[in-house]
Amino acid sequence: MDLKSTKGSPVLADRAPINKSRLGIHSSLLPCSQSGQSFSTAVPSIPRKKPGKLDDVCSNGWLDAMKSSSPPRKKVLKDFNFADLVPDDGETAYESWKIRYPSALNSFRTISTRARNRKIVVFLDYDGTLSPIVDDPDRAFISDDMRSAVRSVAEHFPTAIISGRSRDMVFRLVGLTELYYAGSHGMDIIFPGRDIVSRNNVNCVKSTDEEGKEINLFQPAREFLPMIDEVFAKLVETCKDIKGAKVENHKFCASVHYRNVDQENWHIIAQYVHDILKDYPRLRLTHGRKVLEIRPVINWDKGKAVEFLLESLEHGIAGFSNCDDVLPIYIGDDRTDEDAFKVLKKRNCGYGILVSAVTKESNAFFSLKDTSEVQDFLESLVKMAQGDATKNGASRKSSEYDTKKN
């Protein structure tokens with residue numbers, strides 16, 4: 001990564017097939033046995049009768065997790081000992097919660113002080129962070145002002161978006177070539193060919209983009225692509241008659257959105273997904289904000305993606321891997337972002353910033369209320385960088401003057 005600017009980073013879709021022999025999955029990425037049902041390109045018919053029992057999705061906690069995936073505005077968590085507050089005191093509870101997770105805007109002086117003589121690296125989620133959460137995921141557009149703020153940040157600091165969406169989709173929504181993109185929760189990372197991956201990582205291969213420029217692709221779950229496509233087709237078939245349900249293929253994971261589904265039908269979706277996954281022991285379910293996500297069972301998530309970008313690239317080895325030299329900042333709003341917050345917390349390196357308008361447990365250090373505050377924070381980073389550049393410029397001129405004078 002170029003510490004001064006990341007302009008020109010390739011972000012286009014994969015152009016040519018990748019040689020599978022160069023993409024072996026390292027054993028450390030596979031905590032479960034490699035045995036399991038094989039998959040084919042054909043999609044068998046799936047019975048779509050309404051499930052009569054809820055034993056499966058109730059006993060495994062899926063239904064409870066679905067109900068809690070997007071808590072109501074005035075929910076007060078027992079963990080914070082707010083027993084004396086009534087439900088209408090949501091704002092009071094939120095302000096009390098911010099004592100534990102201070103506003104990143106109000107704490108910006110603390111952040112800028114720690115950033116002194118360190119290299120800032122910025123990681124951003126997309127949905128709920130750069131764009132508001134909306135009923136239709138296809139209409140989760142980033143505003144022009146937010147795009148401008150992200151572009152300005154990338155001019156000063158290495159900046160990456162790590163999203164649950166497919167890499168191609170999030171690039172189409174953001175449209176900035178100055179960034180690094182990691183789709184499918186970090187299972188699909190693209191970065192310039194000039195960056196050298198350490199230890200000849202078996203999950204990283206060189207390719208070219210549509211302009212013929214050399215790029216690196218890191219895809220630790222590539223062997224799962226046919227399986228994800230097969231499950232996606234089954235999910236589309238089984239959920240097609242559930243009003244409001246939306247199924248998406250994010251390349252290395254599949255998702256079922258139920259934000260627009262009547263809550264009385266959530267158990268139907270959960271049971272359908274459960275029944276399909278029983279035949280795929282190498283896939284697992286995770287919960288997002290009003291979404292069920294099916295992913296490969298490999299030891300990889302957004303936190304691992306952050307570690308990869310900080311430690312594995314040649315430029316990272318030179319500077320990003322040392323906590324005394326780097327200050328990673330990760331901004332996200334979803335459960336999946338907690339994996340990245342945990343990494344920064346464990347390393348005692350950088351800050352996780354949770355975007356939330358409700359009180360909830362998190363591994364983040366700071367908080368921001370919504371996307372407008374995210375934009376304000378990014379603009380503050382830019383002003384800080386511009387101020388530092390001005391001071392450095394004035395210092396150089398003063399030094400040159402003193403040299404000429406002597």
Side-chain angles (χ1 to χ4, degrees), residues 66-75 90-91 94-95 97-98 101 103-106 122-154 159-176 179 181-185 244-248 250 255-261 263 287-293 302 329-338 340-341 352-360 362 364 366-382:
M66 292 170 72
K67 291 177 180 178
S68 65
S69 66
S70 186
R73 176 76 179 96
K74 295 181 179 180
K75 180 179 178 181
E91 287 298 329
Y94 183 74
E95 292 303 316
W97 174 80
K98 285 170 64 177
Y101 303 99
S103 165
L105 286 172
N106 295 341
V122 179
F123 299 98
L124 302 165
D125 181 30
Y126 182 78
D127 293 278
T129 300
L130 298 182
S131 73
I133 296 295
V134 294
D135 290 339
D136 183 357
D138 290 338
R139 301 193 63 79
F141 300 127
I142 184 174
S143 70
D144 290 339
D145 288 341
M146 179 67 86
R147 182 179 289 105
S148 177
V150 175
R151 180 188 291 112
S152 296
V153 166
T159 303
I161 293 182
I162 304 180
S163 173
R165 292 177 180 263
S166 71
R167 171 171 53 83
D168 293 342
M169 182 186 295
V170 75
F171 171 64
R172 286 195 296 269
L173 289 167
V174 177
L176 297 176
L179 311 179
Y181 289 85
S184 302
H185 302 290
K246 183 178 180 64
V247 182
E248 292 185 312
H250 295 305
S255 63
V256 182
H257 295 269
Y258 56 92
R259 177 173 297 277
N260 297 320
V261 177
Q263 187 166 337
H287 294 269
R289 184 178 289 187
K290 292 291 190 293
V291 62
L292 299 175
E293 294 182 310
K302 289 185 176 182
I329 296 175
Y330 188 106
I331 308 177
D333 75 305
D334 196 63
R335 289 185 181 189
T336 58
D337 299 308
E338 291 295 327
F341 296 155
I353 302 177
L354 173 67
V355 184
S356 179
V358 299
T359 60
K360 57 183 176 181
S362 176
F366 294 116
S367 68
L368 292 168
K369 193 170 187 178
D370 50 32
T371 55
S372 66
E373 288 199 352
V374 172
Q375 181 179 323
D376 290 342
F377 180 82
L378 295 179
E379 291 172 348
S380 296
L381 284 178
V382 172

Chemist: For Asp370, check side-chain contact (heavy atoms from CB on, under 4.5 Å) against everything at least two apart and list the hits.
Modeler: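 Scan of Asp370 (side-chain contact (heavy atoms from CB on, under 4.5 Å), adjacent residues dropped) gives Ser372, Glu373.
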
Chemist: Could you give the distance from CG (Leu179) to CZ (Arg151), rounded to the nearest 0.5 Å?
Modeler: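 Here the rounded value is 9.0 Å.
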
Chemist: Any donor and acceptor pair, going by atom type alone, linking the side chain of Asp334 with main-chain N or O of Gly288 inside 3.5 Å?
Modeler: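 No; judged by distance alone, with no hydrogens or angles, the pair does not exist.
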
Chemist: Could you tell me the separation between the CZ atom of Phe377 and the OG atom of Ser103, rounded to the nearest 0.5 Å?
Modeler: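 Atom-to-atom, Phe377:CZ and Ser103:OG are 9.5 Å apart.
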
Chemist: Would you say that Ile331 contacts Val374 through its side chain, given a criterion of any heavy-atom pair below 4.5 Å between the two side chains?
Modeler: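 The answer is yes, as the side chains (C-beta and beyond) meet within the 4.5 Å cut-off.
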
Chemist: For Ala104 and Ile353, work out which heavy atoms get closest and say how close.
Modeler: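 For Ala104 and Ile353, the tightest heavy-atom pair comes out as CB-CD1, 3.9 Å.
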
Chemist: May I ask you to test the Gln263-Met66 pair for a side-chain heavy-atom distance under 4.5 Å?
Modeler: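 When only atoms from C-beta onward are counted, Met66 and Gln263 do not touch, as no gap falls below 4.5 Å.
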
Chemist: To the closest 0.5 Å, what do you measure between CD1 (Ile142) and OG (Ser148)?
Modeler: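 Here the rounded value is 10.0 Å.
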
Chemist: Test your reading of the model: is there a side-chain donor-acceptor pair from Arg165 to the backbone of Pro137, 3.5 Å cut-off?
Modeler: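 Side chain of Arg165 to backbone of Pro137: a pair is present.
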
Chemist: Using modelled atom types only, decide if a donor and an acceptor are shared between the side chain of Trp97 and the backbone of Val358 within a distance under 3.5 Å.
Modeler: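 Between the backbone of Val358 and the side chain of Trp97 there is no qualifying donor-acceptor contact (under 3.5 Å).
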
Chemist: Can you tell me if Tyr330 uses its side chain to pair, donor with acceptor, with the backbone of Glu338 under 3.5 Å?
Modeler: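 Absent.
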
Chemist: Side chain to side chain donor-acceptor pair (under 3.5 Å) with Glu293: which of His287, Arg335, His185?
Modeler: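 The option that passes is His185.
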
Chemist: Is a donor on one side and an acceptor on the other found under 3.5 Å between the side chain of Tyr101 and the backbone of Ser362?
Modeler: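 Indeed, once roles are kept as given, a pair shorter than 3.5 Å links the two residues.
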
Chemist: Would you please name every residue forming a ring pair (Phe, Tyr, Trp, His ring centres under 6.0 Å) with Phe366, sequence neighbours left out?
Modeler: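 Testing Phe366 for ring pair (Phe, Tyr, Trp, His ring centres under 6.0 Å), a comparison that skips the adjacent residues, returns Tyr351.
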
Chemist: Which pair of non-hydrogen atoms, one from Ala154 and one from Thr159, has the smallest distance, and what is that distance?
Modeler: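 Result for this residue pair: CA-OG1, 3.5 Å.
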
Chemist: Suppose we screen for side-chain contact (heavy atoms from CB on, under 4.5 Å). Which residues come up paired with Asp136, at least two apart in sequence or across chains?
Modeler: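 Only Asp138, Arg139, Lys246 meet the side-chain contact (heavy atoms from CB on, under 4.5 Å) criterion with Asp136.
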
Chemist: Are side-chain heavy atoms of Leu292 and Tyr258 found at a separation under 4.5 Å?
Modeler: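 A side-chain contact under 4.5 Å exists here.
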
Chemist: Would Ser356 and Lys369 count as a side-chain contact (heavy atoms from CB on, under 4.5 Å) here? Give the steps.
Modeler: CA-CA 5 Å; Ser356 179; Lys369 193 170 187 178; over 6 Å; no

Chemist: Among side-chain atoms of His257 and Glu248, is any donor-acceptor pair under 3.5 angstrom?
Modeler: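 Present: a donor and an acceptor within the cut-off.
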
Chemist: Between Val261 and Gly244, what is the shortest heavy-atom contact and its length?
Modeler: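 Shortest heavy-atom separation between Val261 and Gly244 comes out as CG2-C, 3.5 Å.
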
Chemist: Walk me through whether Val174 and Tyr181 qualify under side-chain contact (heavy atoms from CB on, under 4.5 Å).
Modeler: CA-CA 10 Å; Val174 177; Tyr181 289 85; 3.5 Å; yes

Chemist: Please list, chain by chain and in numerical order, all residues satisfying side-chain contact (heavy atoms from CB on, under 4.5 Å) with Ala182, sequence neighbours excluded.
Modeler: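 Only Ile162, Ile189 meet the side-chain contact (heavy atoms from CB on, under 4.5 Å) criterion with Ala182.
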
Chemist: Could you pull out the closest heavy-atom pair between Thr371 and Pro132, with the gap in Å?
Modeler: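 Closest pair (atom of Thr371, atom of Pro132, distance): CG2-N, 3.9 Å.
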
Chemist: Under the rule for salt bridge (charged side-chain N to carboxylate O under 4.0 Å, His left out), what residues qualify as partners of Asp125, not counting sequence neighbours?
Modeler: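 Listed in chain order: Lys302.
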
Chemist: Who are the side-chain contact (heavy atoms from CB on, under 4.5 Å) partners of Ser184, not counting sequence neighbours?
Modeler: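 Once residues adjacent in sequence are excluded, the partners of Ser184 under the side-chain contact (heavy atoms from CB on, under 4.5 Å) criterion are Met187, His250, Lys251, Phe252, Cys253.
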
Chemist: Side chain to side chain donor-acceptor pair (under 3.5 Å) with Tyr126: which residues, sequence neighbours excluded?
Modeler: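 Listed in chain order: nothing, the list is empty.
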
Chemist: For residues Ala364 and Gly352, report the shortest heavy-atom separation together with the two atoms involved.
Modeler: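 Smallest heavy-atom distance, with atoms named: CB-O, 3.4 Å.
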
Chemist: Checking Arg147 now: which residues fulfil side chain to side chain donor-acceptor pair (under 3.5 Å) with it, not counting sequence neighbours?
Modeler: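 Only Asp144 meet the side chain to side chain donor-acceptor pair (under 3.5 Å) criterion with Arg147.
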
Chemist: How many angstroms lie between OG in Ser152 and CG in Leu378, if you round to the nearest 0.5 Å?
Modeler: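 If we round to the nearest 0.5 Å, Ser152:OG and Leu378:CG are 9.5 Å apart.
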
Chemist: Of all residues at least two apart in sequence or in a different chain, which pass the salt bridge (charged side-chain N to carboxylate O under 4.0 Å, His left out) check with Glu379?
Modeler: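 With sequence neighbours excluded, Glu379 shows a salt bridge (charged side-chain N to carboxylate O under 4.0 Å, His left out) to no residue whatsoever.
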
Chemist: If we only count heavy atoms from C-beta on, is the Asp337 to Leu354 side-chain gap below 4.5 Å?
Modeler: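 They are not in contact (no side-chain heavy atoms under 4.5 Å apart), so the answer is no.
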
Chemist: With a 4.5 Å heavy-atom cut-off, do Leu130 and Val150 have their side chains touching?
Modeler: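 Yes, side chains in contact.
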
Chemist: Tell me the closest heavy-atom pair linking Val355 and Gly128, and the distance in Å.
Modeler: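 That would be CG1-O, 3.5 Å.
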
Chemist: What's the separation between atom OG1 in Thr129 and atom CG in Leu368, rounded to the nearest 0.5 Å?
Modeler: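 Those atoms lie 9.0 Å apart.
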
Chemist: Walk me through whether Arg259 and Val291 qualify under side-chain contact (heavy atoms from CB on, under 4.5 Å).
Modeler: CA-CA 7 Å; Arg259 177 173 297 277; Val291 62; over 6 Å; no

Chemist: Report the distance from atom CE of Met146 to atom CZ of Phe141, rounding to the nearest 0.5 Å.
Modeler: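 Nearest 0.5 Å value for the CE-CZ distance: 15.5 Å.
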
